[in-house]
Amino acid sequence: MSTAPALDPAHTALLVMDFQPAILAALPESGDREDLLGRVEGAIADIRAKGGTIAYVRVGFTEADWDAIPAVNKSFGPLAQHRVMHHEDPATAIHERLAPQDGDIIVRKTRYGGMSTTDLDQQLRERGITTLVVSGVSTSGAVLSTVIDAADRDYQLYVLSDGVADPDTEVHSVLLHQVLPSRAHVVDTAELHALLRAV
C-alpha cells in the first residue's frame with residue numbers, strides 16, 4: 001500500500017491532460033488506450049464522488065498561435081509549420097469517454113505544460129486547490145512539464161502511474177520510477193481510491 005498521505009478532496013484537483021484523439025493515436029496499442037481511458041474514467045468518478053475538482057487540459061492552436069511559434073521550437077515549430085492540431089479540429093477535442101461536466105475547469109494550451117500558457121494555476125488557486133493528481137498523455141511531455149512546473153509552485157503532487165502513458169515505453173518507465181518520484185507521490189488508481197476514502 002502507498003505511503004502517500006490521504007487526500008482532502010475539497011483542496012484536490014485531478015488534472016486530465018491531452019486525452020485527445022490526435023494524441024491518444026500516438027500510443028502503441030488501441031487496447032491499451034481503451035484500458036487507459038477506463039482507468040482515468042474511474043479516477044474522474046472517484047474524485048467527483050468525493051467533491052473534488054476535475055481540470056481538463058487540451059492542446060489546440062489558433063492561426064495566431066501558429067504564427068507566434070518560432071521555427072526554432074523543436075517540438076512545436078513543425079506543428080505550426082504544417083498547421084496541425086487546430087483547436088476546432090475534432091481530433092483535438094477531449095475524448096468523449098472523459099467528457100467534462102458543468103463546473104469543471106477546462107483550459108487550452110499551446111505548449112507541453114498545463115500551466116505555462118494557460119490560466120490553470122489561477123483558476124486552481126481561486127478554488128483553494130493545493131493538491132494535484134496528474135493523469136495525461138504523454139509522460140515525457142505534458143505530464144513531466146506540468147509536474148516540474150507545479151512542484152515549483154508548491155502544489156502537493158500525485159501522479160497516477162496507470163493514468164499516464166507515453167509512446168516510448170522505456171522513457172515512460174524511467175520517468176515514473178526515477179524522475180517523477182522526486183517531485184510527486186506516484187500512486188495507481190486503486191491507491192487513489194483508498195487515499196480518498198482515508199480522509
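Residues: numbered from 1 along the sequence shown. Computed from a predicted structure; not experimentally measured. For the numbers below, each heavy atom of this structure counts, side chains included, while hydrogens, waters and symmetry mates do not.
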Test side chain to side chain donor-acceptor pair (under 3.5 Å) applied to Lys109 and Thr117, Asp18, Asp65, the passing residue = Asp18
ask   = Are the charged groups of Lys50 and Asp46 less than 4.0 angstrom apart, N to O?
value = no
query = Between Val159 and Ala184, which heavy-atom pair has the shortest distance, and what is it?
reply = CG2-CB, 3.8 Å
Val137 versus Leu24, closest heavy-atom pair with distance = CG2-CD2, 4.0 Å
key: Trp66 side chain vs His82 backbone, donor-acceptor pair below 3.5 Å   = no
inquiry  = Between Thr12 and Gly52 (side chain of the first, backbone of the second, donor and acceptor by atom type, cut-off under 3.5 Å), is there such a pair?
reply    = no
ask   = Given side chains that start at C-beta, do those of Pro167 and Ser138 come closer than 4.5 Å, heavy atoms only?
value = yes
request  = Write out all pairs satisfying side chain to side chain donor-acceptor pair (under 3.5 Å) with one or both partners inside residues 52-61, taking only residues at least two apart or from two chains.
outcome  = Arg48-Tyr56, Arg58-Thr92
ask   = Side chains of Val187 and Leu160: does their closest heavy-atom pair fall under 4.5 Å?
value = yes
key: Check: Gln101 main-chain N/O paired with Asp104 side-chain donor or acceptor under 3.5 Å   = yes
message = What's the separation between atom CG in Leu132 and atom CG in Leu7, rounded to the nearest 0.5 Å?
response = 10.5 Å
key: Shortest non-hydrogen contact from Ala91 toward Gln20   = O-CB, 3.7 Å
remark   = So CG of Leu192 and CZ of Arg197: to nearest 0.5 Å the spacing works out to 12.5 Å
ask   = Is the NZ or CZ atom of Arg125 both under 6.0 Å from the centre of the six-membered ring of Tyr155 and within 45° of that ring's axis?
value = yes
ask   = In Å, rounded to the nearest 0.5 Å, how long is the span from OG1 of Thr3 to CD of Glu191?
value = 9.0 Å
request  = Enter the distance from Ile44:CD1 to Leu14:CG here, rounded to the nearest 0.5 Å.
outcome  = 6.0 Å
message = Taking side chain to side chain donor-acceptor pair (under 3.5 Å) as the cut-off, I'd like each qualifying pair that reaches into residues 126-135, sequence neighbours left out, listed once.
response = Gln122-Glu126, Thr131-Gln156
message = Could you check whether any side-chain N or O of Gln123 sits under 3.5 Å from a backbone N or O of Leu120, counting only pairs where one atom can act as donor and the other as acceptor?
response = no
task = Working to the nearest 0.5 Å, report the span between CD1 of Ile105 and CG of Leu15.
result = 8.5 Å
ask   = Would you call Met85 and Ile23 a side-chain contact if the rule is heavy atoms closer than 4.5 Å?
value = yes
query = Do side-chain atoms of Ser182 reach the backbone of Val179 as a donor and acceptor pair under 3.5 angstrom?
reply = yes
request  = List the steps, then state whether side chain to side chain contact (heavy atoms under 4.5 Å, CB included) holds for Thr118 with Arg108.
outcome  = CA-CA 7 Å; Thr118 72; Arg108 181 180 63 83; over 6 Å; no
task = For residues Phe19 and Leu37, determine if any side-chain heavy atom of one lies less than 4.5 Å from a side-chain heavy atom of the other.
result = yes
ask   = Quick check: does any side chain N or O of Arg39 sit under 3.5 Å from a backbone N or O of Asp162, one acting as donor and the other as acceptor?
value = yes
message = Once rounded to the nearest 0.5 Å, what's the spacing between atom CG of Asp8 and atom CG of Leu195?
response = 12.5 Å
message = Quick one, Asp168 and Ser140 - any side-chain contact, counting heavy atoms below 4.5 Å?
response = no
query = Closest heavy-atom contact between Ala43 and Thr189?
reply = CB-CG2, 4.3 Å
Donor-acceptor contact present, side-chain Asp166 to main-chain Thr139, <3.5 Å = yes
query = Looking only at atom types and distance, does a side-chain atom of Ser145 sit under 3.5 Å from a main-chain N or O of Gly141, one as donor and one as acceptor?
reply = yes
request  = Heavy atoms only: give me the nearest Leu175-Pro181 pair and the separation to one decimal.
outcome  = O-CD, 3.8 Å
Considering all heavy atoms, the nearest Arg111-Pro70 contact = NH2-CD, 4.2 Å
Criterion side chain to side chain contact (heavy atoms under 4.5 Å, CB included) on Gln81 and Ile69, from CA distance to verdict = CA-CA 9 Å; Gln81 180 186 350; Ile69 298 172; over 6 Å; no
key: Main-chain N/O of Tyr158 paired with His185 side-chain donor or acceptor, under 3.5 Å   = no
